[in-house]
Amino acid sequence: MTDVPVGERKQLAPPVDDSGPLGWIRRNLFSSWGNGITTVVLIAALAWILSWFLDWAVFTANFTASTGAECRGQGACWALIREKLRLIFFGTFPYEQQWRPLLAIIAMLAMLITTSDRRMWRPWRLLAIWSVGSFVTFLLMFGQIHIPLSLFLAVALVVGGVGLAFRQGIGTPLEMNAYRALAAVGAVGLVLRFAGILPAWKLPITPFSYVETGLWGGLPVTMILATYGLLFAFPYGILLALGRRSNLPLIKGLCVGFIELIRGVPLISLLIMASVMLPLFLPTGVTFDKFLRAQVAVILFAGAYIAETVRGGLQSLPKGQFEAADAMGLNYAQKTALIILPQALRVVIPPLINTFIGFFKDTSLVLIIGIFDFLNTANQALVDPAWAGYPGEVYLFAAFVYFIFCYSMSRYSKYLEVELNKGTRR
Amino acid sequence: MAAAAHDLSKSASVITLRNVNKWFGQFHVLSDINLDVKEGEKIVVCGPSGSGKSTLIRCINRLEEHQAGDIVVHGVTLSNDVKNVETIRRDVGMVFQSFNLFPHLTILDNLTLAPIWVRKMPKKDAEEIAMNLLKRVRIPEQALKYPGQLSGGQQQRVAIARALCMRPEIMLFDEPTSALDPEMVKEVLDVMVELAREGMTMLVVTHEMGFARAVADRVIFMDQGEIVEQNEPEEFFANPRNDRTKLFLSQILHH
């Protein structure tokens, strides 16, 4: 080492690597004899499998046959998918009305895609997107919606109450008075409604013919069960996770008991209980739609799993974060909403999306109580004797559609991790 | 240094501890602590590790719960009443050894969070106060960065500014320089000295004896959960009376 003063030494460039695609190939694929042989063997195997698959799926495939018999002796019988496409996607929804579930799928996709944009993550924007999106979706699916007076009153009460709680000391006097008025109208109205003084009026919206949930099927069913299942299971799972860490023994005990109970039984048994046993306990005359019961079972089940995932995130936070929030005088709700959850949920994005993907696929278990989700309507396409003998094509197609959804969620999880940790990475 | 020259005898007590006791399981971490802190007084608490000094100041804003005795802050007696605890926490700022900034918020948001949500201050006013405080701790240019992008010394200065944003009347410091690299200790101590000169009531757990000499009105030495000795800094360092104090001082002053 020469005695050059510190700071005046020549800065050496890092060693030059053999860069470029050829360099990459040499370094990674052919760095040694063993590596080279492995590469050659694997590429040969891949090429063989791919050529076989392409031959079956594209070159000798039949896209135009009008019965299964015409496909005999050839490659994939994609004509079957073409023929049964509407059955697979929309199930037993009235044939001439099937543009409605198609539009419902588009509405839900639009709702999900706009929600995934971080700029939309403002309470009022999300509320607007989801109320409009959900209204359009269910109006298209049902065809007719009757909104009871009590729902309007309940919404007024909730909006007023939330406004009063969160804008206290921030909002202008006019704004606060509006919340007070809304809450008062809602509360008084609800009391009068249940006392029987206000009539059981309903706002009828009836642009299309009514289609009951028993006729729904296919992709809209899968999407509704998964979307609304997770929409409700998510906040409810968070509450369970917070409850499990509560200092109050009763709340903690209830949450632990609930989580363990739900996690300890298969989803199928929960679905059967919801469809067969629940009606037995209800008073005569009171009925819940089968679809709604399945939806509730999915929510309960997903909630317990989400709770455990979120708890992992809560436990990963250093104690100092809780103490700092306490020392500043934040109350429990503020501490949880502003400090704890934003950090805990960032940590658990990968396992959370993992849970979501799992539940998207688990919704096909509703077959057990006679609801036809996407996988089950695909199954229905195989029943037709004219097209017997091509289960591979149908399941491959169904798998492809599931894959698009699940892979999108997986990519989104990746994007979210990067996006949310932008400033906080060192 | 003439820091202790101003007359505290006429000031009112803002913190009073009477026969405070606390146990961690079987371990008696605070035994019969009696302490009066006058308005504007600066107290440095020192002692070997495990002596209960951190626990003592953490009891004052109830990050730890004491099991016997009374703690009165600003005339409010600490009890299990959440309202009392929140009132006290609003008026008592705290700075931690490990900074405890909120990593998901920018520096500015770290500062304005409590004023906006606890004091219900309009966002604009809170940001103005925050920027002024960031200027005071000499890092206004970092306002829009995240804590992870700052050095330890800068983070601790932000933490001090964050506590000051609530306009507290008392500041508690729990070993504020112990987690810092040596070259960053001074920048934090400078801010604390400045704060002391402005008349803030301060309770500081630290081993920075230079700081104690410069600003403390009183140095308290704790060992095994007791206040062993307390005195004005000159007297404390020149003529420690208790043997445990002498041993401790010899250990930290001559390594």
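All values below were derived from every heavy atom in this structure, side-chain atoms included, with hydrogens, water molecules and symmetry-related copies excluded. Naming: A, B, ... by sequence-line order, numbering from 1 per chain. Predicted model only: the values in this text are computed from it and were never measured.
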### Task
Against chain B, label A:E323 side chain, backbone, both or neither, depending on which of its atoms sit under 4.5 Å from a heavy atom there.
both

### Query
Which bit of B:N110 comes within less than 4.5 Å of chain A, counting heavy atoms only: side chain, backbone, both or neither?
backbone

### Message
Suppose we call two aromatic rings close when their centres sit under 6.0 Å apart. Are A:F356 and A:F360 close by that rule?
### Response
no

### Message
Any non-hydrogen side-chain atom of A:I340 less than 4.5 Å from a side-chain atom of A:L314?
### Response
yes

### Query
Which atoms of B:R62 come close to chain A, meaning under 4.5 Å heavy atom to heavy atom: side chain ones, backbone ones, both, or neither?
neither

### Task
May I ask you to test the B:R89-B:M166 pair for a side-chain heavy-atom distance under 4.5 Å?
no

### Query
Contact part of B:V82 toward chain A, heavy-atom cut-off under 4.5 Å: side chain, backbone, both or neither?
neither

### Portion of B:R119 that has a non-hydrogen atom of chain A nearer than 4.5 angstrom
neither

### Heavy-atom pair of closest approach, residues B:D174 and B:R58
OD2-CD, 3.8 Å

### Message
Report which part of B:I88 has an atom under 4.5 Å of a heavy atom belonging to chain A: side chain, backbone, both, or neither.
### Response
neither

## Note on the structure
Ranking B:D91, B:T87, B:L172, B:L113 by heavy-atom pairs under 4.5 Å to chain A gives rank one to B:L113

#### Entry: B:F96 versus chain A, the contacting section by heavy-atom distance below 4.5 Å
side chain

### More than 12 heavy atoms of other groups within 6.0 Å of A:R119 CZ
no

### Query
Applying the side-chain contact (heavy atoms from CB on, under 4.5 Å) test to B:V188, which of B:K186, B:M184, B:M192 qualifies?
B:M192

